[in-house]
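Below you'll find the structure, written out as structure tokens, and then a few comments.
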Amino acid sequence: MPELPEVETVVRDLARLVKGATFTGGSVARERNLLTPDAPTFISAITGRRILGTRRRAKWVVVELTGGLLLLAHLRMTGQLLVVPAGAAGDAYVRIALSLSDGREIRFRDVRAFGRIALVAERSDGEAGSSLDPASPPLLAGHGLEPLDPSFTAEVFGGLIAQRATRIKSLLLDQRYVVGLGNIYVDEALWRASIHPLTPAKKLRPEQVFDLHRAIIQVLDQAVAARGSSINDYTAPEGDGEMQEQLDVYQRTGEPCRRCGSTIRRLVVGGRGTHVCRTCQRPPKGIRGAGTARAVMGPRWSQGATPDTVGATRRERAAALRRAARQGVVA
DNA sequence: AGCGTTACCCGCACGC
DNA sequence: TGCGTGCGGGTAACGC
């Protein structure tokens with residue numbers, strides 16, 4: 001699942017591969033993946049544009065084009081941006097293909113088809129508009145702080161969350177506060193800071209806010225350096241990442257905590273699979289331990305997460321076995 | 001208004 | 001082999 005480190009890797013790879021290239025046309029196999037404009041307008045508007053550079057905003061890939069246009073891509077769950085020779089073998093999941101004058105093409109491949117491509121005008125303030133009209137309102141309005149920007153300080157972060165009663169995990173997943181975090185890195189940052197995901201944000205002590213702020217930056221920096229986590233479908237134009245090998249809790253249900261040896265547990269917070277060490281991450285007062293309080297688990301929580309279960313689902317068990325085999329541990 | 005929850009989108013893999 | 005279901009990023013809608 002592409003989060004900030006994965007999107008950042010795609011953006012950097014794309015810059016190396018296609019900066020300076022010019023679009024000569026393209027095809028839209030599935031128009032629902034195109035947020036705006038309609039397919040014929042999209043193809044005609046992008047044809048002849050040259051790629052000036054790439055950047056990232058939140059989890060959006062932003063490709064800067066001549067003529068004041070921005071090509072945006074959100075990968076959601078399974079989206080990929082690939083740069084291949086035109087005519088290279090593809091499959092049914094290539095939703096949009098854009099040809100380049102040098103004989104290559106950029107392909108947006110997306111198995112689950114949740115991802116979105118948009119072509120919009122850059123506004124005078126540098127933000128992406130919501131249409132080809134540079135006077136259109138910002139498309140990405142409402143996004144929060146960039147966690148790797150110097151403006152993301154512990155003080156600002158603390159001020160954002162101080163009044164919020166919502167669970168800290170749900171808040172961190174909400175892109176209106178801090179952008180770029182998804183399920184993987186939220187679980188990882190909370191483990192690093194030894195904070196339970198069900199803790200109400202406003203109940204965090206000042207030192208916990210400080211630790212969490214630092215953990216967010218550190219885990220994202222480390223993941224960017226590792227080119228992100230290649231889990232399921234994620235890959236970048238220049239290849240997979242390696243952060244999945246360095247994750248401490250995500251999809252490690254049933255395995256020992258690397259800090260204290262306790263078994264990593266799985267619960268559901270805000271409808272999302274969540275991974276914790278219940279020894280390092282003490283549940284907040286008034287909320288019973290994970291796996292016992294159905295009221296805080298939600299109806300969709302996966303049954304079968306018993307203490308001696310290795311992985312809450314068969315898929316997780318299989319992943320745990322593969323991981324064990326890869327690391328030379330006899331399962 | 002804030003917060004929690006569900007439905008939706010979609011394809012896959014799981015599990016019966 | 002075949003069918004029902006959980007999963008999940010983001011958004012919308014709903015209820016308390």
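These figures come from a predicted structure and were not determined experimentally. Labels below follow one simple rule: chain letters A, B, ... track the order of the sequence lines, proteins then strands, and each chain is numbered from 1.
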Between [N] ([atom2]) and [X] ([atom1]): distance, integer Å:
| X | N | atom1 | atom2 | answer |
| --- | --- | --- | --- | --- |
| A:Met77 | C:dT11 | CE | C1' | 15 Å |
| A:Leu198 | B:dT5 | CG | P | 10 Å |
| A:Ile168 | B:dC3 | CD1 | C1' | 15 Å |
| A:Arg32 | C:dT11 | CZ | C1' | 13 Å |
| A:Glu3 | C:dG9 | CD | P | 7 Å |
| A:Leu160 | B:dG2 | CG | P | 14 Å |
| A:Asp187 | C:dG9 | CG | C1' | 14 Å |
| A:Phe114 | C:dG6 | CZ | C1' | 12 Å |

Phosphate OP1/OP2 of [N]: any [X] side-chain N/O under 4.0 Å:
| X | N | value |
| --- | --- | --- |
| A:Lys59 | C:dG9 | no |
| A:Arg116 | C:dT11 | no |
| A:His74 | C:dG9 | no |
| A:Thr78 | B:dG11 | no |

NA contact type, A:Gly273, heavy-atom cut-off 4.0 Å: base, sugar-phosphate, or nothing?
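It contacts sugar-phosphate atoms only.
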Nearest to the [X] side chain among [options], which nucleotide is it?
| X | options | value |
| --- | --- | --- |
| A:Asn183 | B:dG11, C:dG9, B:dC3 | C:dG9 |
| A:Arg266 | B:dC10, C:dG10, C:dC7 | C:dC7 |
| A:Gln175 | B:dT5, C:dG10, B:dG11 | C:dG10 |

Report, as yes or no, whether the 6.0 Å neighbourhood of atom [atom1] on [X] holds more than 12 heavy atoms from other residues, nucleotides or ligands.
| X | atom1 | answer |
| --- | --- | --- |
| A:Tyr177 | OH | yes |
| A:Glu242 | CD | no |
| A:Arg259 | CZ | yes |

Would you say A:Thr235 and A:Gln80 make side-chain contact, with heavy atoms under 4.5 Å?
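Sidechains of A:Gln80 and A:Thr235: in contact.
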Any side-chain heavy-atom pair from A:Leu190 and A:Leu172 closer than 4.5 angstrom?
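They are in side-chain contact.
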Who is the Watson-Crick or G-U wobble partner of C:dT1, with both distances under 3.5 Å?
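By the stated definition (distances under 3.5 Å), nothing pairs with C:dT1.
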Classify the side chain of A:Arg272 versus the base of C:dG9 as yes if they form a donor-acceptor pair under 3.5 Å and no if they do not.
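Yes, the side chain and the base share a sub-3.5 Å donor-acceptor pair.
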Classify the side chain of A:Arg30 versus the base of B:dG11 as yes if they form a donor-acceptor pair under 3.5 Å and no if they do not.
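For A:Arg30, whose side chain was compared with the base of B:dG11, there is no donor-acceptor pair (under 3.5 Å).
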